[in-house]
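For reference, the structure is listed below as structure tokens.
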Amino acid sequence: MNIGQAASATGVSAKMIRYYESIALIPAGKRTDAGYRIYGENDLHTLRFVKRARQLGFSLDQIRDLLSLWQNKERASADVKTIALGHVAQLNQRIAELTEMRDTLQTLASCCHGDHRPDCPILQSLAD
């Protein structure tokens, strides 16, 4: 199947497929004599793997490591778990930071009168 069909079948855009190939995240598609990329079932499976990993927020480097482990039948599942738990820790840190930002903005917004007066605690806080 061509790149458009592969994109349709996996939900990964043709542009992203080309990008993933350019950074060697996935192997380059085989080519026809005319130079068009062609993809098989294994390629589609890999693209779905990458898409799902991206949906879970893994970085490209983490996905590269996970792909390597996935393709290595001699892998230790502990290696995969280490990557997953490291990602969970990163997500928890981001959640804490976002929660703090939300709470700060909520507090500032509740202190703002939101009327015609020029004084604004939100702008004052940003300026401090």
Side-chain angles (χ1 to χ4, degrees):
M1 83 179 39
N2 67 31
I3 195 167
Q5 293 165 325
S8 231
T10 62
V12 178
S13 71
K15 181 177 180 178
M16 288 307 297
I17 294 172
R18 286 188 205 94
Y19 175 68
Y20 293 153
E21 289 178 359
S22 75
I23 63 170
L25 182 64
I26 62 171
K30 294 180 176 105
R31 300 277 182 156
T32 66
D33 291 338
Y36 293 103
R37 291 174 171 91
I38 54 172
Y39 299 90
E41 280 305 314
N42 287 339
D43 300 313
L44 299 181
H45 200 58
T46 300
L47 286 167
R48 288 184 191 108
F49 182 101
V50 170
K51 179 181 180 188
R52 181 68 177 136
R54 291 297 288 158
Q55 288 172 332
L56 291 172
F58 284 101
S59 70
L60 292 176
D61 286 336
Q62 289 169 320
I63 293 172
R64 189 180 314 279
D65 292 341
L66 289 168
L67 278 170
S68 176
L69 289 166
W70 179 52
Q71 294 162 347
N72 176 3
K73 300 305 177 198
E74 303 297 318
R75 72 182 171 265
S77 63
D79 296 336
V80 180
K81 185 175 182 175
T82 298
I83 293 170
L85 290 177
H87 185 54
V88 168
Q90 292 170 342
L91 289 172
N92 283 332
Q93 178 63 38
R94 285 177 48 203
I95 289 168
E97 291 167 358
L98 288 170
T99 300
E100 184 178 336
M101 282 188 261
R102 181 204 59 209
D103 293 349
T104 299
L105 285 171
Q106 185 64 50
T107 299
L108 290 171
S110 67
C111 292
C112 181
H113 297 292
D115 56 18
H116 64 282
R117 293 182 294 179
D119 61 313
C120 177
I122 298 169
L123 293 177
Q124 184 59 43
S125 175
L126 293 173
D128 287 346

Taking atom CZ as the centre, does R75 end up with more than 12 heavy-atom neighbours from other residues, nucleotides or ligands that are less than 6.0 angstrom away? yes
Could you give the distance from CG (L108) to CG (L126), rounded to the nearest 0.5 Å? 7.5 Å
Does one hydrophobic cluster hold both M101 and I95, with members joined at side-chain heavy-atom distances below 4.5 Å? no
Considering all heavy atoms of both residues, which atom of C112 and which atom of I122 are nearest to each other, and what is their separation? CB-CD1, 4.1 Å
So how far is it from L85 CG to L91 CG, rounded to the nearest 0.5 Å? 11.0 Å
Does atom CG of N42 have more than 12 heavy-atom neighbours, drawn from other residues, nucleotides or ligands, at distances under 6.0 Å? no
Quick check against the 3.5 Å criterion: does S68 have a side-chain atom that pairs as donor or acceptor with the backbone of R64? no
Nearest 0.5 Å please: distance from the CG atom of L66 over to the CG atom of D61. 11.0 Å
Return yes when atom CZ of R52 has more than 12 non-hydrogen atoms of other residues, nucleotides or ligands closer than 6.0 Å, and no otherwise. no
S59 OG to R54 CZ distance, which is reported to the nearest 0.5 Å: 7.5 Å
Mutual orientation of the aromatic rings belonging to W70 and H45 [parallel < 30°, tilted 30-60°, perpendicular > 60°]: tilted
Whether the side chain of H87 engages the backbone of Q62 through a donor-acceptor N/O pair (distance < 3.5 Å, no angle test) should be reported. no
I want to check something: taking the side chain as every heavy atom from C-beta on, are K51 and T10 in contact at a cut-off of under 4.5 Å? no
Please find the pair of heavy atoms, one from R31 and one from I38, that lie closest to each other, and give the distance. N-CG1, 4.3 Å
Check: S125 main-chain N/O paired with D128 side-chain donor or acceptor under 3.5 Å: no
Starting at CG of L69, measure out to CG of D79 and round the result to the nearest 0.5 Å. 5.5 Å
Is there a path from V12 to Y36 through hydrophobic residues (I, L, V, M, F, W, Y) whose side chains come within less than 4.5 Å of each other? no
Between E100 (side chain) and E97 (backbone), is there a donor-acceptor pair under 3.5 Å? no
Is the shortest heavy-atom distance from the side chain of K30 to the side chain of R37 under 4.5 Å? no
How long is the span from the OH atom in Y20 to the OG1 atom in T46, to the nearest 0.5 Å? 12.5 Å
Closest non-hydrogen contact found for I26 with V50 is CG2-CG2, 4.1 Å
Provide the closest heavy-atom pair for P27 versus E21 in the form atom of the first, atom of the second, distance. O-CG, 3.8 Å
Minimal heavy-atom distance between L44 and A9, with the atoms involved, is CD1-CB, 4.3 Å
Please tell me whether V88 and F58 are part of a single hydrophobic cluster in this structure, the criterion being side-chain heavy atoms less than 4.5 Å apart. no
If we ignore hydrogens and angles and just use 3.5 Å, is the side chain of S8 paired with the main-chain N or O of Q5 as donor and acceptor? no
What heavy-atom pair brings L25 and L67 nearest, and what distance separates the two atoms? O-CD1, 3.4 Å
